[in-house]
Amino acid sequence: MKVLLTGGAGYIGSHTCVELLNQGYEVVIADDFSNSKPEVINRIKEITGKDVDVYPIDVADKNAMKKLFSEQSIGSVIHFAGYKAVGESCQKPLMYYRNNIDATLTLLEVMEEFGVNKFVFSSSATVYGENNPIPYVETMPITGCTNPYGWTKLMIEQILKDACAANKELSVVLLRYFNPIGAHPSGRIGEDPSGIPNNLLPYVAKVAVGKLPKLGVFGNDYPTVDGTGVRDYIHVVDLAKGHAAALAYAENHTGAEAINLGSGKGHSVLEIVNTFSRVNNVPVPYEIKPRREGDLPEFYANAEKAKELLDWTAELTLEDMCRDLWNWQSNNPDGY
Ligand code: UFG
């Protein structure tokens, strides 16, 4: 039985694909390449020496998805495909709701039709909203999000919980990611955002490689260690291993389980900038800017549940993340 990765050519999907192939899984990718490059597939094959079937389709295209399921013996699905930019989701909320929710519903309907019951979902720490105390624990009340992107994650979590209540054979793991960064140590796959990056580390890397003049640090008057925002950064290779562990868990359980994938540690923006500079011996010029609307001062995971249920903990350090990111960025200054 094969594992279907929707959005498998994306940043987290491609790293998970490599991890699964290395662990001996057979993988099929469905990706419309709207926010990824076909070259990713060549790189995945190069790193692993293994083949992967690719369907260049939109997950919301039901007929195309049915064709995929009828041609491949799919046993489980990891659903990465979706729009993911917080700011853009505030400008184009309908596009976000339509795309993210439609694709998920279509996928679940096709899975039901073909009797596939194992599902791992890319959720986000953003579902904890702005009122929960840190560290975030899975048992906390989830009451709302601050942006449409986050709401799509929250709504899809609810859809999946309801689907599990109705179908006792369904097994769902809701992986709540914290802040994934870094790249595969080979330097052959990594994050390749189109246009000017929104997230911190891709921006830092573009400044370091000379593609952007200066990083703007959004606020230095937060009640944190040095006044800048604090997040729980996790190496994308650790995150990929977390998906493999979640898949194994889903094989032997039913029902819906939300699990944080984070390191349990917070790092400030300045700590990130300084570590990146030091480890890679490259300057990262920055200036302090006003706070970015919608940002929280500080959050990080309670990572106990992942350890208990998945036997998984984040192992790679901030230094590893910065070094691997630079290896990717400096060898691929224009991305793929
Ligand atoms: N930051 C800057 N300058 C930048 C970009 C970011 O100072 O140019 C700061 C932010 O203010 C924040 C920190 O760096 O303090 C991290 O910001 P990111 O944009 O990298 O990440 P966020 O924590 O805002 O958001 C990420 C994901 C979302 C997800 C959220 C919660 O992008 O998809 O984590 O898990 F919803």
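Each ligand, and each atom within it, is numbered from 1 in the order the structure gives.
- Of the heavy atoms in Ser124, only side-chain atoms (C-beta onward) come closer than 4.0 Å to ligand 1.
- Interface atoms of ligand 1 facing Asn198, defined by a heavy-atom separation under 4.0 Å, are 5 (C), 19 (O).
- Between Leu200 and ligand 1, a contact under 3.5 Å exists for at least one N or O pair.
- Counted within 6.0 Å of NZ on Lys92, heavy atoms from surrounding residues, nucleotides or ligands total 12 or fewer; the atom is thus considered open.
- Ion pairing between a basic and an acidic side chain is recognised when a charged N comes within 4.0 Å of a carboxylate O; Arg278 and Glu319 show such pairing.
- Proximity annotation for atom 12 (C) of ligand 1: of Lys153, Arg231, Lys206, Arg231 comes nearest, heavy atoms only.
- Within the structure, the closest approach of Tyr177 to ligand 1 falls below 4.0 Å when heavy atoms are considered.
- Each of the atoms 31 (C), 35 (O), 36 (F) of ligand 1 lies under 4.0 Å from some heavy atom of Thr126.
- Near Val217, meaning under 4.0 Å from one of its heavy atoms, ligand 1 places the atoms 7 (O).
- Ionic pairing of Lys305 and Glu257 is present here: one or more N-O contacts between side-chain nitrogen and carboxylate oxygen are shorter than 4.0 angstrom.
- Proximity of Gly216 to ligand 1 is established by a heavy-atom distance of less than 4.0 Å.
- Every atom of ligand 1 is numbered from 1 in the order shown, and the set under 4.0 Å from a heavy atom of Asp295 is 10 (C), 11 (O), 24 (O).
- The closest approach between Tyr233 and ligand 1 falls below 4.0 Å for a heavy atom of the residue.
- Counting heavy atoms closer than 4.0 Å to ligand 1, residue Asn179 contributes side-chain atoms (C-beta onward) but none from N, CA, C or O.
- Relative ring orientation between His15 and Tyr11 is described as perpendicular, the plane-to-plane angle rising above 60° on a 0-90° scale split at 30° and 60°.
- Note that NZ of Lys62 is 13.5 Å distant from CD1 of Ile57, once rounded to the nearest 0.5 Å.
- Neither the backbone nor the side chain of Thr228 has a heavy atom within less than 4.0 Å of ligand 1.
- The pair Asp295-Arg292 meets the salt-bridge criterion, with a side-chain N (NZ, NE, NH1 or NH2) lying under 4.0 Å from an Asp/Glu carboxylate O.
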Original post:
Checking side-chain contact (heavy atoms from CB on, under 4.5 Å) for the pair Met95/Glu88: CA distance, chi angles, key distance, verdict?
Top reply: CA-CA 10 Å; Met95 186 177 96; Glu88 186 186 45; 4.1 Å; yes
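- With no hydrogens or angles considered, no side-chain donor-acceptor pair links Ser171 and Asn117 at under 3.5 Å.
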